[in-house]
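The block underneath contains the structure these notes are about, expressed in structure tokens.
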Number of protein chains: 2
Amino acid sequence: MPTRTGRPPKISRDAILAAAHRIVDTEGPDALTMRRVAREVGTTAMALYHHVRDKDDLLRLLLDDYAAGVPLPDPVSDDPAGRAVEAATAMRAALAPRPWIVDVLRADDLLARRALRFPEAIIDAFMTGGLDAEDAVDAYRIIWHYTAGEISARAAATRRRTDDRLTYREQVFTGLDPAELPRLAALGERWEELAGRDTYDKGLRALVHGLLR
Amino acid sequence: MPTRTGRPPKISRDAILAAAHRIVDTEGPDALTMRRVAREVGTTAMALYHHVRDKDDLLRLLLDDYAAGVPLPDPVSDDPAGRAVEAATAMRAALAPRPWIVDVLRADDLLARRALRFPEAIIDAFMTGGLDAEDAVDAYRIIWHYTAGEISARAAATRRRTDDRLTYREQVFTGLDPAELPRLAALGERWEELAGRDTYDKGLRALVHGLLR
DNA sequence: GCATCTTTTTATACGCGTATAGAAAGTAGC
DNA sequence: GCTACTTTCTATACGCGTATAAAAAGATGC
């Protein structure tokens, strides 16, 4: 008997998700608060908690929806290393504009249901390259850690820059003792410029090469 | 004339830092709130803001103190790759038990003043290995991204595990379609076990090898 | 001694995530 | 029609980081 008992719901998880998508799209991820979502669906913040476990849960659902829409391009290279690089690059390209996703997923190695194409492709590339299953999973997780670290560093740096703190790094780098820190002292003010470079691809290739060796 | 005008301070930055250290040491980083620190030094939360810019600033100062006490062991290897691996491993060992540091420093490539020994040693190893200054800085930043990503993933996973969500990953991995995701479907429940492994060293060596190639 | 200026401290307030308690609105058994 | 039971929603509250405004407490110039 599938009859439902209890007070009939005024809102649904889908409605919550739709509202959340609207808010993120139009006002950015910072605007996504439980109260804001509640207002959007015409209820109170606490009512949401009967449909999602907590805000993290909501973000995970949001990401899963989002991931479903991101295509994994067909591989171009035919060597395993090239395919691993391609898949990881696609994964990073999908995530980089939405660093909040990384903050949500850090713990879970990008394990959102509808994002699994990315790990699948990377693990497959490594196994094709001769690694056994365990080593391929290790390789994937290593690449994930690198990717997550790079994206969230980049996001934090951008946030910082829009704030104020151009000065903090300069502060750290002024008046270094060349006797104690010769390399850094020699770099001096160049750090600021060098630290702005996008090194993802370089690191990724080094990683893939080293892992397939 | 170094005479001070204005209302004499009741508290000092040093007192705030000392209190913060006490709190983190005895109650953990989650207990470190501005109000808690204020109570510890016998004042109100807002009074702290005349001595530190914001909570992030406080955390950075805290980290700087902490970094001063962590030794960088003398190198054992004499090849550059070995020295880079040693320095990075020491850096990670210093940070891993205190993942909150990584959250604070993500944007700044571990640029706390008194932690500069670590980048110095890593950049030096790479330059000794034949890279020019720019490539060595790139190499350091790549290693930092990897290290930061690994530490914060590990920390988030641990937090997750102490919570509840043993189930989330299982959820994602049940009922995969072997036609669509053959590699992952074949792994099945083994993921949980494989994802627990510590792959830092493996990735680090791959990275260093790839970067010095 | 008193007004002025500067620095620091306090008071109050906002929106955040979410814990807790209880009210509301249905179905089911009698 | 009444009571029990279940589910959902609402009200209230807590501690968080911190913005803003006002008060306090000293030095300085007259």
Side-chain angles (χ1 to χ4, degrees), chain A residues 1-17 19-20 23-24 27-63 100 103-104 106-107 156 159-160 162-165, chain B residues 1-17 19-20 23-24 27-63 100 103-104 106-107 156 159-160 162-165:
Chain A
M1 51 197 76
T3 42
R4 281 196 23 83
T5 164
R7 177 173 177 168
K10 221 172 72 172
I11 58 178
S12 68
R13 190 143 103 166
D14 283 354
I16 293 173
L17 277 172
I23 294 168
V24 171
E27 302 168 46
D30 288 350
L32 189 73
T33 72
M34 297 304 272
R35 287 172 168 86
R36 179 75 187 76
V37 172
R39 212 185 324 139
E40 188 82 9
V41 297
T43 182
T44 63
M46 290 313 295
L48 305 177
Y49 285 81
H50 269 264
H51 305 269
V52 298
R53 184 203 293 261
D54 54 22
K55 191 182 179 185
D56 249 43
D57 191 31
L58 171 58
L59 289 173
R60 256 191 307 270
L61 293 168
L62 215 54
L63 151 68
W100 57 269
D103 290 335
V104 177
R106 254 182 306 183
R159 222 173 300 139
R160 196 60 62 79
T162 51
D163 273 16
D164 47 340
R165 199 109 67 262
Chain B
M1 49 197 76
T3 43
R4 285 194 21 82
T5 163
R7 177 173 176 168
K10 222 172 73 172
I11 58 178
S12 68
R13 191 143 104 166
D14 283 355
I16 292 174
L17 277 172
I23 293 167
V24 171
E27 302 166 47
D30 288 350
L32 189 73
T33 71
M34 296 304 272
R35 287 171 167 86
R36 179 73 187 78
V37 172
R39 212 186 324 138
E40 188 82 9
V41 299
T43 181
T44 64
M46 290 314 294
L48 304 177
Y49 285 79
H50 269 263
H51 305 270
V52 298
R53 183 203 295 260
D54 54 21
K55 192 183 178 185
D56 249 41
D57 190 33
L58 172 59
L59 290 174
R60 256 190 307 270
L61 293 167
L62 214 55
L63 150 67
W100 57 270
D103 290 335
V104 176
R106 253 182 308 180
R159 224 173 298 139
R160 197 60 62 81
T162 52
D163 273 15
D164 45 340
R165 200 110 67 261

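Since this is a predicted model, take the numbers as computed values, not measurements. A note on names: the letters A, B, ... follow the listed sequences, proteins ahead of strands, and every chain is numbered from 1.
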- Please figure out whether B:Lys55 or B:Gly6 has its closest DNA chain D nucleotide nearer the 5' end.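 The residue mapped nearer the 5' terminus is B:Lys55.
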I need the [atom1]-[atom2] distance between [X] and [N], as an integer number of Å.
X: A:Leu58; N: C:dC16; atom1: CG; atom2: P; answer: 14 Å
X: B:Ile23; N: D:dC16; atom1: CD1; atom2: P; answer: 10 Å
X: A:Leu59; N: C:dC16; atom1: CG; atom2: C1'; answer: 14 Å
X: B:Met46; N: D:dC16; atom1: CE; atom2: P; answer: 14 Å
X: A:His50; N: C:dA25; atom1: NE2; atom2: P; answer: 15 Å
X: A:Asp54; N: C:dA19; atom1: CG; atom2: C1'; answer: 13 Å
X: B:Arg7; N: D:dA27; atom1: CZ; atom2: C1'; answer: 15 Å
X: A:Arg39; N: C:dG17; atom1: CZ; atom2: C1'; answer: 15 Å

Are any of [X]'s side-chain N or O atoms less than 4.0 Å away from OP1 or OP2 of [N]?
X: B:Thr44; N: C:dT10; result: yes
X: A:Thr33; N: C:dC16; result: yes
X: B:His51; N: C:dT9; result: yes
X: A:Lys10; N: C:dA24; result: no

- Which value, rounded to the nearest 0.5 Å, describes the distance between A:Ile16 atom CD1 and A:His50 atom NE2?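 The NE2 atom of A:His50 is 11.0 Å from CD1 of A:Ile16, to the nearest 0.5 Å.
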- B:Thr5, nearest nucleotide to its side chain (from D:dT10, C:dT6, C:dG26):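 Within the option list, the nearest is C:dT6.
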- Query: Nearest of C:dT18, C:dG26, D:dC16 to any side-chain atom of B:Arg35?
  - Reply: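 For the B:Arg35 side chain, the nearest candidate turns out to be D:dC16.
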- Task: Taking the side chain as every heavy atom from C-beta outward, state whether B:Leu48 and B:Arg35 have any pair of such atoms under 4.5 Å apart.
- Result: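 No - every pair of side-chain heavy atoms lies 4.5 Å or more apart.
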- Message: So does B:Leu32 get a backbone contact from the side chain of B:Lys55, meaning a donor-acceptor N/O pair under 3.5 Å?
- Response: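 Yes.
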- 5' precedence on DNA chain C between A:Met34 and B:Pro8 (nearest-nucleotide basis):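 Its nearest nucleotide lies further toward 5', so the answer is B:Pro8.
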- Item | A:Arg36, CZ atom: more than 12 neighbouring heavy atoms under 6.0 Å |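 Atom CZ in A:Arg36 is packed in, count exceeds 12.
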- Task: Check the pair B:Trp100, B:Leu62 against side chain to side chain contact (heavy atoms under 4.5 Å, CB included), reporting the backbone distance first and the verdict last.
- Result: CA-CA 11 Å; B:Trp100 57 270; B:Leu62 214 55; 4.1 Å; yes
